[in-house]
Student: 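First, the structure itself, so that you have it in front of you.
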Amino acid sequence: MRRSLRSLLVATAAASLVVPLWAGTAANAEPPGFSHADKDTLRNQAPRDLAIGSAVWAQRDLLSYDPAAPTELQRVLGAQFSSVTPENDMKWDAIHPAPDVYDFASADALVAFAEANGQEVRGHTLLWHSQNPAWVTAASSTWTCDDARAVLEDHIRTVVGHFKGEIYEWDVANEIFQDNWDAGGVRLRTEANPFLRACADDPVALIGDAFRWAHEADPDAVLFLNDYNAEGINEKTDAYYDLAQRLLADGVPLSGFGAQGHLSLLYGFDTSIQANFERFAALGLKVAVTEADVRIPLLDGETGPTPAQVAEQAARYDAMLEACLNVPACSSFTVWGFPDANSWVPAVFPGEGWATIFEDDFSPKPAFDVMLASLRDATPGISPRRG
Ligand code: G3I
């Protein structure tokens, strides 16, 4: 059993927040308007121990949480999902804003929300080229590899240690490979990532140690490599497959491979996602869809998607979910936030949007309906996760 579930049963100073709501002992804490026994929710239809998650930005959406009077976002998040991922709150710039300063406030709020709603937490992320604080960017220009190792080790041990027992999966290394359209092609990001740059002579040693430090800080967490453009079998996932084999041969406690699942209808869908998951699972790893969304090119800001686009979006979400359902090693399927108003997509891809599974009034889209049906078909009834 994962520690985060066990921890729900342990009395703590915040006992009123950690009693599992489905135990019946805290029914009064159940937010009005939904029931954890509701069969029409993604979390309750999930088969085996498959976690169904969403990202949420706690700093924006969870800092004030009253279980008796949740916001609509909080209500839907608690009702539909058994896992939450901090969209930004555990990233370096949020949690380690100055060399000797760790700020856990919004990440702790997310963990408290998860405990109050019987959810698990996916940690995101410990080694990434983006959203590093200014002090890292500045200092890294003169780092030796030993300097970089010391900073990264302190960060990983401190952050993973802070949440020990609360996080079931950690994205340890995020987006560490370039794409084939980047200068230099598919190779480790030894330029953009300040830690890999400082240790460019042997970046794999640093990556391996990042996993070792995380494992020592929380031996029960499943430790992931995670990336976009990593759904199907392609040049990038071939590089990950080689890296995973090398790390495992070196005894590194790598235990998961995550495909983010950021898709666009501007491009085709790579149907080799299940085969890709199967090859990583054959190495003994868990696999996961960690950040699913499907963006749609829209005619203009006022015009919604066409019926054909809506149907195609639903099919893409469902295809990713089906790949996960069909591979027993797939441990979690996470969508990257909701509703559309909260999506990162329009700011980064102008002209694309409508990417999440809930409309801005929180009504479910066809993608939600199709995924709910797939979960229901996979295993009728209550999942073992629900006890
Ligand atoms: O840093 C400021 C903060 O100080 C301020 O309070 C806030 C006010 O709005 O803005 C903050 O910056 C925002 C930041 O998230 C929060 O740290 C940026 O404007 C915003 O653009 C940034 O976007 C995030 C993005 O990662 C950054 O790369 C998105 O919300 C988040 O969805 C996105 O998530 C990534 C995954 O981590 C990795 N995979 C790709 C995925 C999508 O890009």
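Ligands are counted one by one from 1 in listed order, and the atoms in each one are counted from 1 as well. Keep in mind the model is a prediction, meaning the values are calculated, not measured.
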Student: Pick whichever of K91, Q131, E291, E175 has a heavy atom sitting closest to atom 14 (C) of ligand 1.
Tutor: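 Answer by nearest heavy atom: Q131.
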
Student: Using a strict 4.0 Å threshold on nitrogen-to-oxygen distance, state whether R376 and D40 make a salt bridge.
Tutor: yes

Student: Within a distance of under 4.0 Å, is there any protein heavy atom near atom 28 (O) of ligand 1?
Tutor: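 Yes, at least one protein heavy atom sits under 4.0 Å from atom 28 (O) of ligand 1.
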
Student: Decide, yes or no, whether a salt bridge links D340 with K365 under the criterion of side-chain N to carboxylate O below 4.0 Å.
Tutor: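 Salt bridge present between D340 and K365.
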
Student: Looking at atom 12 (O) of ligand 1, what's its closest protein heavy atom, distance included?
Tutor: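 Protein heavy atom at minimum distance: W57 CH2, 4.7 Å.
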
Student: Checking contacts now, so for atom 3 (C) of ligand 1, which I'm interested in, is there any protein heavy atom under 4.0 Å?
Tutor: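 No; the ligand atom in question lacks any protein heavy-atom contact below 4.0 Å.
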
Student: Considering the heavy atoms of N174, write down every atom of ligand 1 situated less than 4.0 Å from one of them.
Tutor: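 Counting from 1, the qualifying ligand atoms are 38 (C).
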
Student: Could you tell me whether D89 and R60 make a salt bridge, using a distance below 4.0 angstrom between a side-chain N and a carboxylate O?
Tutor: no

Student: Given side-chain hydrogen bond (donor to acceptor under 3.5 Å, both in side chains), test S83 with Y168 step by step and report yes or no.
Tutor: CA-CA 9 Å; S83 169; Y168 72 112; 2.7 Å; yes

Student: Check each atom of ligand 1 against the heavy atoms of D93 and keep those under 4.0 Å away; list them by number with element.
Tutor: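 The atoms of ligand 1 under 4.0 Å from a heavy atom of D93 are 17 (O).
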
Student: How far apart are the C-alpha atoms of Q131 and N88, what are their side-chain angles, what is the distance that settles it, and do they pass the side-chain hydrogen bond (donor to acceptor under 3.5 Å, both in side chains) test?
Tutor: CA-CA 9 Å; Q131 279 177 281; N88 292 302; 3.0 Å; yes

Student: I need the Q80 CD to F368 CZ distance, nearest 0.5 Å.
Tutor: 3.5 Å

Student: Distance alone, cut at 3.5 Å: any donor-acceptor contact between the side chains of Q260 and N174?
Tutor: yes

Student: Between N88 and ligand 1, is there a nitrogen or oxygen pair with a distance under 3.5 Å?
Tutor: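 Yes.
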
Student: List ligand 1 atoms under 4.0 Å from S130, heavy atoms only on the residue side.
Tutor: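 Near S130, the atoms of ligand 1 are 28 (O).
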
Student: Check the side chains of N117 and Y65 for a donor-acceptor pair under 3.5 angstrom, ignoring hydrogens and angles.
Tutor: yes

Student: Would you say H262 contacts ligand 1, with heavy atoms under 4.0 Å as the rule?
Tutor: yes

Student: Just one of E115, M90, E166, E169 clears the side-chain contact (heavy atoms from CB on, under 4.5 Å) bar with V121, so which one?
Tutor: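 With V121 as partner, E115, M90, E166, E169 yield a single side-chain contact (heavy atoms from CB on, under 4.5 Å), made by M90.
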
Student: Could R122 and F224 be counted as a cation-pi pair, given that NZ or CZ must be under 6.0 Å from the ring centre and within 45° of the axis?
Tutor: yes

Student: My question is simple, although I want it checked carefully: is atom 37 (O) of ligand 1 less than 4.0 angstrom from any protein heavy atom?
Tutor: yes

Student: Determine if the distance from atom 20 (C) of ligand 1 to the closest protein heavy atom is below 4.0 Å.
Tutor: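 For atom 20 (C) of ligand 1 the answer is no, since every protein heavy atom stays at 4.0 Å or beyond.
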
Student: Below 4.0 angstrom, counting only protein heavy atoms, does anything approach atom 25 (C) of ligand 1?
Tutor: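 When distances to the protein are checked, atom 25 (C) of ligand 1 has a heavy atom within 4.0 Å.
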
Student: What residue and heavy atom of the protein are closest to atom 32 (O) of ligand 1, and at what distance?
Tutor: E87 OE2, 2.4 Å

Student: Need the ligand 1 atom indices (1-based, order shown) with element for anything under 4.0 Å from a heavy-atom of H124.
Tutor: 36 (C), 37 (O), 38 (C)

Student: Give yes if a backbone or side-chain nitrogen or oxygen of W128 is under 3.5 Å from a nitrogen or oxygen of ligand 1, and no if not.
Tutor: no

Student: Quick one: CG on L375 to CG on L321, what's the gap to the nearest 0.5 Å?
Tutor: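 Nearest 0.5 Å value for the CG-CG distance: 5.0 Å.
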
Student: Salt bridge between R212 and E216, side-chain N to carboxylate O under 4.0 Å?
Tutor: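 No, R212 and E216 are not salt-bridged.
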
Student: Could any protein non-hydrogen atom be found less than 4.0 Å from atom 41 (C) of ligand 1?
Tutor: yes

Student: Below 4.0 angstrom from a heavy atom of Q59, which ligand 1 atoms are there? Numbered from 1 as shown, please.
Tutor: 6 (O)

Student: W344 to ligand 1: N or O pair under 3.5 Å?
Tutor: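 No: no nitrogen or oxygen of W344 is under 3.5 Å from one in ligand 1.
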
Student: For atom 17 (O) of ligand 1, decide whether some protein heavy-atom distance is shorter than 4.0 Å.
Tutor: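 It does: a protein heavy atom is found less than 4.0 Å away from atom 17 (O) of ligand 1.
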
